[in-house]
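So the structure is just underneath, and the comments pick up after that.
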Amino acid sequence: TYWMMGELELAADHGRAALDLSRQVGSVSGQSSNLGKLGAIYRAMGRLQDAAAQHEQALRLEREAGNRVNESYNLRYLGETYHALGRPREARESLDRALALLEHLHDRNGQGETCNALAALHRDTGDLDRALDRARTALGLARETGERRLEAEAITTMASIRLRRAEHT
């Protein structure tokens, strides 16, 4: 795909075209999916406000459709985007809501991803004890589900928390 090749402008162009088509045919799931993809592309481009707007629209559509799984993922993406925007309160609210929903849905992988995102948020806001707790939870969930990529990310997050802790002692 264009995104994987680093052609983010082309990826965004195709994403917008796909969104237009899903709107024309009235596919709510297609619209939500394409909005989420556009949000991720915009985030990779550094267009964080645009990314947040896409994720907010996708979240609204998923809530209206009653799709709790996709709602939880969009909450996480929105929380990560708010974190990148320097809006920690909104990031934590979105991530906490995503985690509660994922726990209700028994989505262990999604819980791990969200715990890792919360760990990074707590690290960046200076709550290192809570950050380490969330990273450990993410690591445990990654190992439980066999998600090696998440396991590596959780270990990296834990290392960054310990480094931050060492810098402050």
Side-chain angles (χ1 to χ4, degrees), residues 1-121 123-124 138 141-142 145-157 160:
T1 67
Y2 289 114
W3 185 2
M4 296 170 115
M5 296 182 332
E7 299 285 343
L8 297 178
E9 285 294 339
L10 280 173
D13 289 344
H14 286 271
R16 286 187 293 271
L19 177 60
D20 288 343
L21 284 172
S22 61
R23 285 180 172 146
Q24 289 172 19
V25 299
S27 172
V28 174
S29 64
Q31 291 174 57
S32 176
S33 176
N34 287 309
L35 285 164
K37 290 172 188 170
L38 271 172
I41 293 166
Y42 287 151
R43 186 164 172 216
M45 295 170 78
R47 293 174 52 183
L48 299 176
Q49 294 289 354
D50 291 331
Q54 302 307 301
H55 290 308
E56 288 166 352
Q57 287 180 57
L59 177 61
R60 182 182 50 75
L61 288 173
E62 293 300 353
R63 282 184 175 151
E64 289 173 3
N67 188 332
R68 307 286 304 239
V69 173
N70 287 349
E71 177 183 347
S72 68
Y73 287 129
N74 278 295
L75 279 165
R76 187 180 87 233
Y77 302 146
L78 188 56
E80 291 170 340
T81 303
Y82 285 152
H83 179 192
L85 279 164
R87 294 163 56 182
R89 183 185 56 75
E90 291 130 308
R92 183 166 179 205
E93 288 173 1
S94 290
L95 292 169
D96 283 343
R97 288 193 345 239
L99 184 58
L101 191 50
L102 289 159
E103 288 170 347
H104 177 75
L105 296 167
H106 306 290
D107 182 336
R108 307 295 277 165
N109 183 54
Q111 289 173 50
E113 296 280 356
T114 305
C115 282
N116 200 54
L118 279 162
L121 176 64
R123 177 200 60 214
D124 294 347
L141 288 163
T145 60
E147 279 293 326
R148 303 286 292 173
R149 180 197 50 76
L150 176 57
E151 183 178 354
E153 287 181 9
I155 290 169
T156 301
T157 301
S160 70

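Small disclaimer: the values here were computed from a predicted structure and weren't measured.
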Tyr77: partners by ring-ring contact (aromatic ring centres under 6.0 Å, His included), with sequence neighbours left out
His55

Return the [atom1] to [atom2] distance between [X] and [Y], rounded to the nearest 0.5 Å.
X     : Y     : atom1 : atom2 : answer
Leu8  : Met45 : CG    : CE    : 6.0 Å
Asn34 : Arg16 : CG    : CZ    : 12.0 Å
Leu19 : Lys37 : CG    : NZ    : 11.0 Å
Leu35 : Arg23 : CG    : CZ    : 5.5 Å
Glu80 : His83 : CD    : NE2   : 9.5 Å
Asp13 : Glu7  : CG    : CD    : 10.5 Å

In sequence, state the C-alpha distance, the side-chain angles, and the governing distance for Leu118 and Leu99, and then conclude on side chain to side chain contact (heavy atoms under 4.5 Å, CB included).
CA-CA 9 Å; Leu118 279 162; Leu99 184 58; 3.9 Å; yes

Given the rule in the side chain to side chain donor-acceptor pair (under 3.5 Å) test, do Arg123 and Ser160 qualify, once you have shown the distances and angles that lead to the verdict?
CA-CA 8 Å; Arg123 177 200 60 214; Ser160 70; 2.8 Å; yes

Shortest non-hydrogen contact between [X] and [Y], atoms and distance:
X      : Y      : answer
Ala98  : Leu75  : CB-CB, 3.6 Å
Ala12  : Leu38  : O-CD2, 3.6 Å
Ala138 : Gly112 : CB-O, 3.4 Å
Ala119 : Thr157 : CB-CG2, 3.8 Å
Glu113 : Leu150 : N-CD2, 3.7 Å
Val28  : Ala65  : CG1-CB, 4.5 Å

List the steps, then state whether side chain to side chain contact (heavy atoms under 4.5 Å, CB included) holds for Leu78 with Asn74.
CA-CA 6 Å; Leu78 188 56; Asn74 278 295; over 6 Å; no

Using side chain to side chain contact (heavy atoms under 4.5 Å, CB included), reason through Asp107 and Tyr73 one step at a time and then give a plain yes or no.
CA-CA 11 Å; Asp107 182 336; Tyr73 287 129; 2.5 Å; yes

Only one of Leu105, Leu101, Leu102 passes side chain to side chain contact (heavy atoms under 4.5 Å, CB included) with Val69; say which it is.
Leu105

Side chain to side chain contact (heavy atoms under 4.5 Å, CB included), paired with Glu151, selected from Glu147, Glu153, Arg148:
Arg148

Using a strict 4.0 Å threshold on nitrogen-to-oxygen distance, state whether Arg97 and Glu93 make a salt bridge.
no

In terms of side-chain geometry, is the basic nitrogen of Arg60 or Glu64 positioned less than 4.0 Å from the acidic oxygen of its partner?
yes

Using only heavy-atom distances, determine whether the side chains of Arg76 and Ser94 contain a donor-acceptor pair under 3.5 Å.
no

Under a plain distance cut-off of 3.5 Å, with no hydrogens placed, do Ser22 and Gln31 share a side-chain donor-acceptor pair?
no

Polar side-chain atom of Ser33 near backbone of Ser29 as donor-acceptor pair, under 3.5 Å:
no

Whether the side chain of Thr114 engages the backbone of Gln111 through a donor-acceptor N/O pair (distance < 3.5 Å, no angle test) should be reported.
no

Side chains of Pro88 and Leu121, heavy atoms from C-beta outward: is any pair under 4.5 Å?
yes

